[in-house]
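One structure is given below, encoded as structure tokens.
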Amino acid sequence: MTLSVAVSGASGYAGGEILRLLADHPDVEIRTVTAHSSAGQSLISHQPHLRSLAHLELQPTTPEVLAGHDVVFLALPHGQSAAYTEALGDAPLVIDAGADHRLVSSADWAAFYGGDHAEPWAYGVPELPVGTGKQRDILRAATRIAAPGCNASTVSLSFAPGVAAGVIDPGDIVSVLAVGPSGAGKAAKTNLLASEILGTANPYAVGGTHRHIPEIRQALAAAGAPVDGIRISFTPVLVPMARGILATSSAPIRDGATDAEIRAAWESAYAGEPFVELLPAGVFPRTADVLGANVASLGLAIDRAANRVVVVAAVDNLVKGTAGAAVQSMNIARGIPETTALPMNGVAP
């Protein structure tokens with residue numbers, strides 16, 4: 001059966017990337033695309049790379065326009081998706097690419113976002129260890145899915161296997177991320193102008209203020225650590241590449257954990273996963289290697305001198321970090337083969 005799909009926020013980066021992936025999906029008909037200020041204009045005037053969708057016109061983002069589809073993707077700014085969820089109560093599947101439905105804790109929402117805390121939905125990172133299984137098991141029965149924050153899923157995938165296996169101490173995680181500006185969305189912002197970011201690296205949200213921190217703690221708690229025992233120093237750095245995240249994260253080794261046990265934790269967690277790869281010992285990823293691919297590429301090192309495990313993770317923030325995770329979750333929830341329409345190969349050079 002072909003699924004009718006509506007994509008809100010279709011003029012933005014996340015919405016455009018969802019559409020790029022769905023355009024080649026054999027089980028999907030993209031019926032409706034919506035926007036706010038650009039409603040009434042052609043989709044291709046905002047997404048000129050989406051040539052196969054040139055026939056679509058942006059409609060207003062209203063519950064009435066979004067209703068009546070098998071799948072609705074909400075690619076709206078944080079704080080806006082929740083306003084539509086009640087009106088879309090009859091939709092068989094709704095996937096939110098914003099933050100509104102990610103956090104379980106209302107206290108975390110108040111501290112990092114503010115405003116009303118919406119109902120938490122199934123978290124859209126299928127490969128994450130959860131108890132004795134994977135988040136994929138929860139997504140199979142889901143009708144409401146929260147796609148992840150790109151930085152959050154990158155760090156969570158980096159350390160969830162070590163938490164689940166008990167070989168690292170999650171009480172002292174340090175993560176520094178080089179990130180591209182597309183993660184901040186398409187709206188014009190002075191600090192994202194080319195003249196502001198070319199030739200420089202700019203840290204932001206320093207000192208525990210980044211909104212993805214509680215999302216990481218939540219994901220690692222689901223992997224088996226008490227949430228109050230998870231502490232993370234998280235520092236993103238804006239770098240002059242349009243797409244990509246390179247996250248270098250480290251955590252202390254638990255007493256008694258051997259090198260073989262440590263590597264085995266990651267190998268067993270991601271064995272057979274089509275979209276998470278653990279590179280051979282001594283090999284580390286580059287963002288260029290995952291450009292355009294729905295893949296998280298991980299390199300693992302064991303630093304005995306510092307008694308820490310170091311994981312370097314590379315993702316395309318718009319694919320595996322956002323749109324790819326959303327489409328992958330849709331496939332699972334609707335019983336479609338998980339890899340359908342999702343690229344494993346990157347673009348080089």
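Since the structure is predicted, the reported quantities are computational estimates derived from the model, not experimental observations. One is the number of the first residue; the rest follow in order along the sequence.
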Hey, are Arg243 and Asp316 close enough for a salt bridge, meaning a charged N less than 4.0 Å from a carboxylate O?
yes

If only side-chain N and O atoms count, and only distance matters, is there a donor-acceptor pair under 3.5 Å linking Asp70 with Ser4?
yes

Any donor-acceptor pair under 3.5 Å linking the side-chain atoms of Asn317 with those of Ser182?
yes

Validation row: Lys320, Val290 side chains within 4.5 angstrom (heavy atoms)
no

Looking only at side-chain N and O atoms, does Glu64 offer a donor or acceptor that is under 3.5 Å from a partner on Gln59?
no

For a side-chain hydrogen bond (donor to acceptor under 3.5 Å, both in side chains) check, start with the C-alpha distance between Thr340 and His25, then their side-chain angles and the critical distance, and finish with the verdict.
CA-CA 7 Å; Thr340 302; His25 200 298; 5.1 Å; no

Gly124 to Ala325 - nearest heavy-atom pair and separation:
O-CB, 3.6 Å

Any chance the side chains of His101 and Ser81 put a donor and an acceptor closer than 3.5 Å?
no

List the atom of Leu157, the atom of Tyr270, and the distance in Å for their closest heavy-atom pair.
O-OH, 2.6 Å

Between Arg102 and Asp96, does at least one N-O distance fall below 4.0 Å, as a salt bridge requires?
no

Step by step, would you call Arg144 with Glu119 a salt bridge (charged side-chain N to carboxylate O under 4.0 Å, His left out)?
CA-CA 10 Å; Arg144 299 292 182 268; Glu119 175 190 6; over 6 Å; no

In the structure I gave you, are the side-chain heavy atoms of Arg20 and Val319 within less than 4.5 Å of one another anywhere?
yes

NZ/NE/NH1/NH2 to OD/OE distance under 4.0 Å, Glu261 and Arg254:
no

Students often mix this up, so state it plainly: with edges at 30° and 60°, are the rings of His212 and His210 parallel, tilted or perpendicular?
perpendicular

Distance-only side-chain donor-acceptor flag, Tyr123 / Glu215, under 3.5 Å:
yes

Heavy-atom pair with the smallest gap, counting every atom of Ala97 and Ala75:
CB-CA, 4.2 Å

Nearest heavy-atom approach of Pro170 to Val163 is CB-CG2, 4.1 Å

Does the side chain to side chain contact (heavy atoms under 4.5 Å, CB included) test come out yes or no for Val130 and Ile138, once each step is laid out?
CA-CA 9 Å; Val130 176; Ile138 297 170; 4.3 Å; yes

Beyond-backbone contact of Ile216 with Phe159, side-chain heavy atoms, under 4.5 angstrom
no

So, do Phe234 and Leu177 sit near enough that their side-chain heavy atoms are less than 4.5 Å apart?
yes

Can you name the closest pair of heavy atoms from Gln218 and Val104 and give their distance?
OE1-N, 2.7 Å

Quick check: are there more than 12 heavy atoms from other residues, nucleotides or ligands sitting under 6.0 Å from CZ of Arg304?
yes

Sub-4.5 Å side-chain heavy-atom contact between Ile197 and Leu238
yes

Give the minimum heavy-atom separation between Thr287 and Met241, together with the two atoms involved.
OG1-SD, 3.7 Å

Is the closest side-chain heavy-atom distance between Phe73 and Val94 below 4.5 Å?
no

Would His117 and Asp108 count as having a side-chain donor-acceptor pair, cut-off 3.5 Å?
no

For atom CG of Asp116, is the number of surrounding heavy atoms from other residues, nucleotides or ligands below 6.0 Å larger than 12?
no

Just wondering, do Val71 and Met330 contact through their side chains at under 4.5 Å, heavy atoms?
yes

Could you please spell out the steps behind the salt bridge (charged side-chain N to carboxylate O under 4.0 Å, His left out) verdict for Arg140 and Glu338?
CA-CA 11 Å; Arg140 287 194 180 102; Glu338 187 171 336; 5.9 Å; no

Heavy-atom distance under 4.5 Å between the side chains of Gln135 and Glu127, does that happen here?
no

Salt bridge Asp137-Lys134, side-chain N to carboxylate O under 4.0 Å:
no

